[in-house]
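So the structure is just underneath, and the comments pick up after that.
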Amino acid sequence: MKLPALLAALAMGLALAAPAEAACYADYKAKQDRPLRLHYGVAEVPDNACDRGSASQVLAQRLDRAGWTLLNVLSTFGPEGLEERKASAGEYFLRY
């Protein structure tokens, strides 16, 4: 096998062996004042924010830009938890 073909095969093998980044999601509660409005939502958060504290920081900024105040992050989870929360989140499913 020639060197370029060997390098190409090695590169492909490394690319396939690299772990795929797992998606991370958080479900949360938020509010608006005047008039009071509440919502439950689900949002994707960066992998490095896949705990309640870090997800709270990320989501508080996103929601604030849209006029919402984050009340709390209920949990963080992977893609396996999306379907069971979709109906409850309604229009706020992956909105922020």
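In the hydrophobic clustering of this structure, Y92 groups with V73; members are Ile, Leu, Val, Met, Phe, Trp, Tyr whose side-chain heavy atoms approach within less than 4.5 Å, directly or through other members. Cluster annotation: Y96 and V45 are assigned to the same hydrophobic cluster (Ile/Leu/Val/Met/Phe/Trp/Tyr, side-chain heavy-atom contacts under 4.5 Å, transitive). By the criterion of side-chain heavy atoms lying less than 4.5 angstrom apart, applied directly or through intervening Ile, Leu, Val, Met, Phe, Trp or Tyr residues, V42 is not grouped with L71; the two fall into different hydrophobic clusters. There is a path of hydrophobic side-chain contacts, each under 4.5 Å, that joins L82 to L74. With hydrophobic clusters built from ILVMFWY side chains whose heavy atoms lie under 4.5 angstrom apart, L63 does not share a cluster with L94.
Interatomic distance, CZ of R62 versus CZ of R95, reported as 13.5 Å (0.5 Å rounding). Distance check, rounded to the nearest 0.5 Å: CG of L59 to CG of D64 gives 12.0 Å. Taking CZ of R52 as the reference point, atom CG of N72 lies at 7.0 Å (rounded to 0.5 Å). The distance from the OH atom of Y25 to the CZ atom of R85 is 12.0 Å, given to the nearest 0.5 Å. With rounding to the nearest 0.5 Å, the separation of CD in E83 from CZ in F93 is 7.0 Å. Rounding to the nearest 0.5 Å gives a distance of 10.0 Å between SG of C50 and CD of E44.
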**OP:** Kindly indicate, with the supporting measurements, whether the criterion side chain to side chain contact (heavy atoms under 4.5 Å, CB included) is fulfilled by N48 and S54.
**Re:** CA-CA 8 Å; N48 64 356; S54 299; over 6 Å; no
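A salt bridge links K31 to D33: at least one charged side-chain nitrogen sits closer than 4.0 Å to a carboxylate oxygen.
The shortest non-hydrogen separation linking P79 to A23 is CD-O, 3.6 Å. Between P46 and C24, the shortest heavy-atom contact is O-CB, 4.3 Å.
Side chains of D27 and S75: a donor on one and an acceptor on the other come within 3.5 Å.
Centroid-to-centroid, the aromatic rings of W68 and Y28 stay 6.0 Å apart or farther.
Although no hydrogens or angles enter the test, the distance criterion places a donor-acceptor pair under 3.5 Å between the side chain of E80 and the main chain of G78.
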